[in-house]
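Take a look at the structure below.
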Amino acid sequence: MAKNITPRSKDYSQWYLDVVREAKMAEHSPVRGCMVIKPTGYAIWEFMQGALDRMFKETGHQNAYFPLFIPKSFLSKEAQHVEGFAKECAVVTHSRLINSENGVEVDPASKLEEELIVRPTSETIIWDTYRGWIQSYRDLPILINQWANVVRWEMRTRLFLRTMEFLWQEGHTAHATEQEAVEETERMLNVYRTFAEEYMAMPVITGLKTESERFAGAVETYCIEALMQDGKALQAGTSHFLGQNFAKAFDVTFQDRDGELKHVWATSWGASTRLIGGLLMTHSDDNGLVLPPKLAPTQIVIVPIWRNDDEQALVLDYARAIYRELADKGIRVKLDDRDQYKPGWKFAQHEVEGVPLRVAVGPRDVENGNVEAARRDTLEKQIMNRDEFVQSAVTVLDRIQADLLARARKFVDDSTRHVDTYEEFRQVIDDKGGFIYAHWDGTAETEARIKEETKATIRCIPLEYDSGAGSCMVTGKPSAKKVLFARSY
RNA sequence: CGGGGCGUAGCGCAGCCCGGUAGCGCAUCUGCUUUGGGAGCAGAGGGUCGCAGGUUCAAAUCCUGUCGCCCCGACCA
């Protein structure tokens with residue numbers, strides 16, 4: 001049905017690229033590994049930003065902005081941190097170009113005294129700044145978020161899921177006590193979970209990362225893990241308890257009530273434009289993008305149908321009235337009255353772009369006081385009384401939102417398996433993919449071996465599921481509870 | 001960095017093996033007819049064939065080099 005979209009069953013990876021292209025979300029840039037986010041893709045990001053930003057503010061955070069460039073020396077202050085990011089940093093070494101016969105060239109005379117790193121994340125520059133902001137317990141907590149771009153020099157990239165430059169938000173908080181910082185870490189994890197489920201309609205598993213998957217410089221990394229339609233997991237957000245690692249590295253202390261000088265406790269948490277890729281892979285089908293109403297730039301599109309000027313005037317009057325009434329309800333509605341495209345073309349186009357609900361109105365509908373409503377998620381069409389439609393529109397959008405979540409949840413449930421033996425594990429991971437719960441002895445060696453042999457990694461040690469104790473599927477050593485495995489993006 | 005693929009009109013491709021005036025589909029423009037699931041007909045515009053050398057009377061095609069991108073792996077949100 002949809003032109004130019006490879007079916008998922010034939011080539012999932014190509015399908016993803018096709019949907020991104022056909023839905024006009026993004027395209028490759030002239031720079032390897034970077035993308036141009038087009039208006040449709042960016043609009044989705046803006047709705048994500050809007051919802052997350054509101055949730056951050058509701059939990060007491062403020063936005064601020066820190067520089068793109070980080071002095072090289074900053075990166076080396078926290079040992080684990082630099083080790084984690086050293087291999088993927090863009091480095092600014094010069095400040096000027098000069099003209100030559102071969103076009104412009106870097107002016108060797110402009111070499112920087114201290115090279116600058118394009119931020120891969122901002123802990124270092126933020127903690128260097130926080131040192132100046134914090135003297136007393138009265139200065140705490142500091143609850144700041146920034147919306148920014150970051151650069152990580154990746155070897156292999158994929159539109160939205162992994163690009164060299166991406167957009168994200170990063171929260172950085174400072175607290176007087178460990179408990180407060182841990183609570184903050186968990187609070188923000190829950191914000192991400194709530195956002196994923198309520199806005200993206202994307203069910204997630206919350207958990208803790210193992211040491212090898214942990215953020216460089218964190219004491220504990222919490223995450224939300226989602227499952228894509230091809231059975232691969234996607235890390236959709238992380239929240240880190242940083243302990244006192246950065247406070248010690250950057251000498252950030254405060255005088256407490258008891259008069260003692262103490263290092264502050266820290267958290268950081270982030271979610272990126274990768275979420276757009278996750279959103280796409282959670283709901284979309286072979287006809288293109290499927291968007292949950294809460295994040296859809298256009299929630300309802302009205303397609304008028306006419307055969308001549310008289311009908312056009314009649315139908316447009318009718319459509320405009322519906323448009324007005326829907327808009328008055330706060331619905332993001334669009335009337336597609338372009339005359340240069342036929343209705344069938346518009347149907348297909350809005351479908352591929354993922355508009356949750358389409359309304360077609362033609363002369364017949366005007367005569368009968370009806371509309372034809374079509375749901376993008378189920379592709380069901382229904383002739384309805386016009387007033388009833390308008391009346392129920394908000395409810396229908398809510399239902400679509402709820403149905404998408406329910407369907408995605410069912411998919412995750414159906415794709416989640418428990419295994420007890422390594423043999424079974426290998427079979428399931430190869431044949432079916434998906435989430436697999438299994439016992440693990442807690443050692444990095446066993447984890448590495450499983451990854452080496454099966455390409456599956458421990459996505460997380462689940463927070464909300466406890467299988468009870470058992471023995472490791474590989475080594476037979478004791479295991480406190482099953483952990484979540486999957487192949488991942 | 002390994003393996004594979006591709007650079008020819010805005011997009012997608014054929015042509016290359018076997019050298020001989022650069023083609024097809026979509027899109028675009030004009031006109032008429034159309035409009036309830038990607039319209040039809042007629043006409044029109046648009047390309048230094050990634051780049052640089054070489055072979056040849058003649059190169060998109062053969063040879064050498066080079067650049068770039070995509071896909072699959074190793075690293076990662």
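Chain letters run A, B, ... following the sequence lines, proteins first and then strands; every chain starts at 1. These numbers come from the heavy atoms of this one structure, side chains and all, not from hydrogens, waters or symmetry mates.
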Would you tabulate the nitrogen or oxygen pairs shorter than 3.5 Å linking the protein to nucleotides 8-11 of chain B?
none

Below 3.5 Å is the cut-off: list the nitrogen or oxygen pairs between protein and nucleotides 70-74 of chain B, distance only.
| from | atom 1 | to | atom 2 | distance (Å) |
| --- | --- | --- | --- | --- |
| C70(B) | OP1 | His28(A) | ND1 | 3.1 |
| C71(B) | O3' | Ser13(A) | OG | 3.4 |
| C72(B) | OP1 | Ser13(A) | OG | 2.6 |
| C72(B) | OP2 | Arg156(A) | NH1 | 2.8 |
| C72(B) | OP2 | Arg156(A) | NH2 | 2.6 |
| G73(B) | OP2 | Arg156(A) | NH2 | 3.4 |

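In this structure, Lys77(A) forms a cation-pi arrangement with Phe74(A), its terminal cationic atom sitting closer than 6.0 Å to the ring centre and no more than 45° off the ring axis. For the pair Arg158(A) and Tyr16(A), the distance from NZ or CZ to the six-membered ring centre is under 6.0 Å and the angle to the ring normal is within 45 degrees.
Here Lys346(A) does not reach the OP1 or OP2 of G36(B): none of its side-chain N or O atoms lies under 4.0 Å away.
Within the nucleic acid shown, Gln235(A) comes within 4.0 Å of sugar-phosphate atoms alone, with no base atom in reach, counting heavy atoms only.
Along RNA chain B, the nucleotide closest to Ser272(A) and the one closest to Ala360(A) are compared, and the more 5′ of them pairs with Ala360(A).
Every residue meeting the ring-ring contact (aromatic ring centres under 6.0 Å, His included) condition with Tyr12(A), not counting sequence neighbours, appears here in chain and number order: Trp15(A). Contacts of Tyr489(A) classified as ring-ring contact (aromatic ring centres under 6.0 Å, His included), with partners at least two apart in sequence or in another chain: none. By the ring-ring contact (aromatic ring centres under 6.0 Å, His included) test, Phe195(A) is found to be paired with Tyr199(A), residues two or more places apart in sequence or in another chain being considered. Every residue was checked against the ring-ring contact (aromatic ring centres under 6.0 Å, His included) condition with His350(A), not counting sequence neighbours, and none meets it. Considering only residues two or more places apart in sequence or on other chains, Thr6(A) meets the side chain to side chain contact (heavy atoms under 4.5 Å, CB included) condition with Lys10(A), Asp11(A), Gln14(A), Asp18(A). Every residue meeting the side chain to side chain contact (heavy atoms under 4.5 Å, CB included) condition with Asn190(A), not counting sequence neighbours, appears here in chain and number order: Arg193(A).
Pairs passing the side-chain hydrogen bond (donor to acceptor under 3.5 Å, both in side chains) check and including a residue from residues 352-367 of chain A, sequence neighbours excluded, read Lys24(A)-Glu353(A), Gln349(A)-Glu353(A). Listed by first then second residue, pairs satisfying salt bridge (charged side-chain N to carboxylate O under 4.0 Å, His left out) with a partner in residues 224-241 of chain A read Lys209(A)-Glu225(A), Glu225(A)-Arg459(A), not counting sequence neighbours.
At a threshold of 4.5 Å between non-hydrogen side-chain atoms, the residues Glu464(A) and Thr206(A) count as touching.
Across residues 296-312 of chain A, Ile305(A), Trp306(A), Arg307(A) each have a non-hydrogen atom less than 4.0 Å from an atom of RNA chain B (numbered order). Within residues 189-197 of chain A, no residue has a heavy atom under 4.0 Å from RNA chain B.
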